[in-house]
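In what follows, a structure is listed as structure tokens, so that the remarks can point back to it.
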Amino acid sequence: MPSVLPADVVRHISDYVGCASLSHTCKWAWEILQHRHLHCRLDSTILSQRSAQLTDDVVHTLSATCTDLGIVGARGLQLLGLSTSLRTVSLNLRRCNLGDEGAGGLAVLKDIWCLHTLELNLSSNSISCTGAEALAALAQGRSLQTLVLNLEYNAVSNSGVTELAAMRHSQVLTSLALNLGYNRVGDVGVEALVALQESRSIHHLVVNLEFNTIGDRGAQALSAFQGMPALRNLSLNLRKNRVTKDGAEALVALRDSRALQDFTLNLAFTDVADSGAQALALLQKAPRLQALTLNLLYCGIGDSGAQALAALIAASSLSKLTLNLECNRVGTVGVEALAALTYAHALRVLTLHLSYNRVSNEGAKALVALRNAPSLVELALHLAHNCVGDEGAQALARLKDAPQLRTLVLDMGYNRLGDAGAIALGALKDSATLQSLTLDLGYNNVREEGRAAMAAMAEGAPLQHFKLLLPKMGVDVDPPARVGAVFQETQRGEAAHESKGEQQTSLCLPGWPEQY
């Protein structure tokens, strides 16, 4: 290697990767790169022993998971402010008992001379408005371009959020992520937070306000982000708040953002209903939008809402679309409407989450039309916990004829498939273009004949990536009854969450990915 690449080039490559892997390739690389990128675990004892190493001039990247630090240990981290070489710092301080004093002391990290990326996970640390006010000073770092601040599961209220809005004054900050989920933020706090719109440098903004007390007034305030002149990527999480169709209608104003290219909006477990979905369909008019993710999980949306969202085909520049309509009331009419996305000529990546709905064989047959999408290269159809049988599976097997499709995900667990459906889906291996296939047939009635067909598919498929999930045994499932029982359990779980705090953080729904 010394004769191939100069040492400075290797250092630049190592800094770009941001990890120690390159230093392990040979003795020469070890000599020039050792200690440049540190990944470690820290407690108060180790921190006191390694403080000199952490502030050594050779260290460029520090990624540490901290345990049981407390206020005293947090004071040890303040020594990092003396570093003259650190470029990237990532500290996981979850449940470290910092409180306002410990968290506020971390504001000295802004003094790190060359720091351009800072990630702090301060969830579950009993931080209130005082700590949030101190942490707002982090944005004053002279070189800081990327700041990720996780304050989930704390006690930050409206006044604390008001202080965090002072980050707008940074002249160099280009990427900001604020996680304020599970705090005490209401409409007043959101109205203060949107002062971030005054920033002329931020082009990537993530705001997580999950499980607070935000209503339509707060949603309307968030629409003011349309005025950020440099904003290209925006992610808003309002999951489990008090937003209704009126809030959804107000958020549509974000389509008028002049630079917005990538927009993610999470309204799961709110009351937007069909009328809210109809309003959100107007996002099609965003002039430069290239990627759109709408999470409308458990929002009371039926066929009319799905029909309205199909109007997104009119978005002329949209190349990536994710629609999460899980746990709603979408049936054949709504699915047939969504199949019209095949006419979205610029669409290259499409993900439809339709699990826990009323999708039948007819709906599955309608989705086959997506094979005619002229530009589609990645398609994910999540149809678990519906009523799709062999006829629907036989129809979906025709997706192999899609002219451009390279990646396909079919999640059909907990349906009514038998051997005939599994055998039909085996034809997907004959696709002329498909390179990656993920097929989930768990908890269906696939028996020996169907399993043998799947085994033959696995052996003979000329795919670069193939993942197959099959049931250990056939299971008959009545989806509507099952979903009803699950929702009853969910509602009881939500009540338990409100009384116990973080101990009840997820819903016990079989087959649901964690991000929901």
Side-chain angles (χ1 to χ4, degrees), residues 326 330 332 335-336 338-339 341-342 349-373 376-477 479 510-511 513:
E326 289 196 1
V330 181
T332 300
V335 175
E336 288 176 346
L338 290 172
L341 289 168
T342 189
V349 180
L350 174 62
T351 301
L352 293 178
H353 293 274
L354 292 168
S355 299
Y356 291 94
N357 274 281
R358 301 172 182 176
V359 184
S360 62
N361 285 329
E362 296 305 313
K365 292 176 182 178
L367 289 172
V368 178
L370 292 170
R371 75 182 190 278
N372 298 318
L376 197 65
V377 295
E378 293 185 23
L379 174 63
L381 297 176
H382 297 271
L383 302 172
H385 294 268
N386 279 292
C387 304
V388 181
D390 289 336
E391 289 185 30
Q394 290 165 350
L396 289 170
R398 300 209 303 274
L399 288 171
K400 68 180 180 63
D401 300 325
Q404 303 290 337
L405 196 62
R406 298 177 184 175
T407 301
L408 175 62
V409 176
L410 277 181
D411 178 5
M412 302 184 69
Y414 288 93
N415 274 281
R416 298 176 178 176
L417 274 66
D419 287 342
I423 293 171
L425 289 171
L428 289 170
K429 72 177 186 298
D430 300 324
S431 169
T433 60
L434 207 59
Q435 299 176 0
S436 176
L437 173 62
T438 300
L439 187 59
D440 186 350
L441 302 181
Y443 291 90
N444 280 284
N445 291 311
V446 180
R447 306 293 179 174
E448 292 301 323
E449 190 176 353
R451 293 173 67 87
M454 290 291 100
M457 178 184 183
E459 292 177 1
L463 300 170
Q464 297 179 8
H465 176 269
F466 180 53
K467 184 177 181 180
L468 174 65
L469 298 176
L470 282 173
K472 294 182 180 179
M473 60 182 294
V475 178
D476 291 317
V477 180

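Just so it is clear, the structure is predicted and the values come from calculations on it, not from any experiment. By convention here, the first residue in the shown sequence is residue 1.
Taking 4.5 Å as the limit, some side-chain heavy atom of V446 sits within range of a side-chain heavy atom of R451. For the pair V349/L376, no side-chain contact is recorded, criterion being any heavy-atom separation below 4.5 Å from C-beta on. Using a 4.5 Å heavy-atom cutoff, the side chains of L405 and E378 are not in contact. Counting only heavy atoms from C-beta outward, the side chains of V359 and V330 never approach each other to under 4.5 Å. Counting heavy atoms from C-beta on, the side chains of Q464 and S436 never come closer than 4.5 Å. Side chains of D411 and L381 form no contact here, defined as non-hydrogen atoms less than 4.5 Å apart. Contact check for N357 versus N386: side-chain heavy atoms found under the 4.5 Å cut-off.
Annotation: the span from L469 atom CG to T438 atom OG1 amounts to 8.0 Å, rounded to 0.5 Å. Between the CG atom in L468 and the CG atom in L437 there is a gap of 8.0 Å [rounded to 0.5 Å]. Between D401 atom CG and S431 atom OG the span is 8.0 Å, to the nearest 0.5 Å. In this structure, CG on N445 lies 8.5 Å from CG on L417, to the nearest 0.5 angstrom. Remark: L408 CG to L439 CG distance equals 8.0 Å, nearest 0.5 Å. The structure places CE of M457 at 8.5 Å from CG of D430, a figure rounded to the nearest 0.5 Å.
For K365, the salt bridge (charged side-chain N to carboxylate O under 4.0 Å, His left out) test picks out E362, E391, with sequence neighbours left out. Residues that satisfy the side chain to side chain contact (heavy atoms under 4.5 Å, CB included) test with Q404, not counting sequence neighbours, are V377. For A455, there are no side chain to side chain contact (heavy atoms under 4.5 Å, CB included) partners at least two apart in sequence or on another chain. For the salt bridge (charged side-chain N to carboxylate O under 4.0 Å, His left out) test, no residue two or more places apart in sequence or in another chain qualifies with E336. Contacts of T351 classified as side chain to side chain contact (heavy atoms under 4.5 Å, CB included), with partners at least two apart in sequence or in another chain: T322, H353, A380, H382. Residues passing the side chain to side chain contact (heavy atoms under 4.5 Å, CB included) test with V368 are R371, A395, L396, R398, sequence neighbours excluded. The side chain to side chain donor-acceptor pair (under 3.5 Å) search around T332 returns S360, not counting sequence neighbours.
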Could you please spell out the steps behind the side-chain contact (heavy atoms from CB on, under 4.5 Å) verdict for L434 and R406?
-> CA-CA 4 Å; L434 207 59; R406 298 177 184 175; 5.7 Å; no
Trace of the side-chain contact (heavy atoms from CB on, under 4.5 Å) decision for M412 with D440 = CA-CA 6 Å; M412 302 184 69; D440 186 350; over 6 Å; no
Step-by-step side-chain contact (heavy atoms from CB on, under 4.5 Å) determination, L352 to L367 | CA-CA 10 Å; L352 293 178; L367 289 172; 4.2 Å; yes
Taking only distance into account, with no hydrogens and no angle test, what donor-acceptor pairs under 3.5 Å do side-chain atoms of residues 418-429 form with protein atoms, sequence neighbours excluded?
residue: D419; atom: OD1; partner: R447; partner atom: N; Å: 2.6
residue: D419; atom: OD1; partner: G450; partner atom: N; Å: 3.1

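In this structure, N415 contributes its side chain and N444 its backbone to no donor-acceptor pair below 3.5 Å. A distance-only check finds no donor-acceptor pair linking the side chain of N372 to the backbone of L370 [under 3.5 Å].
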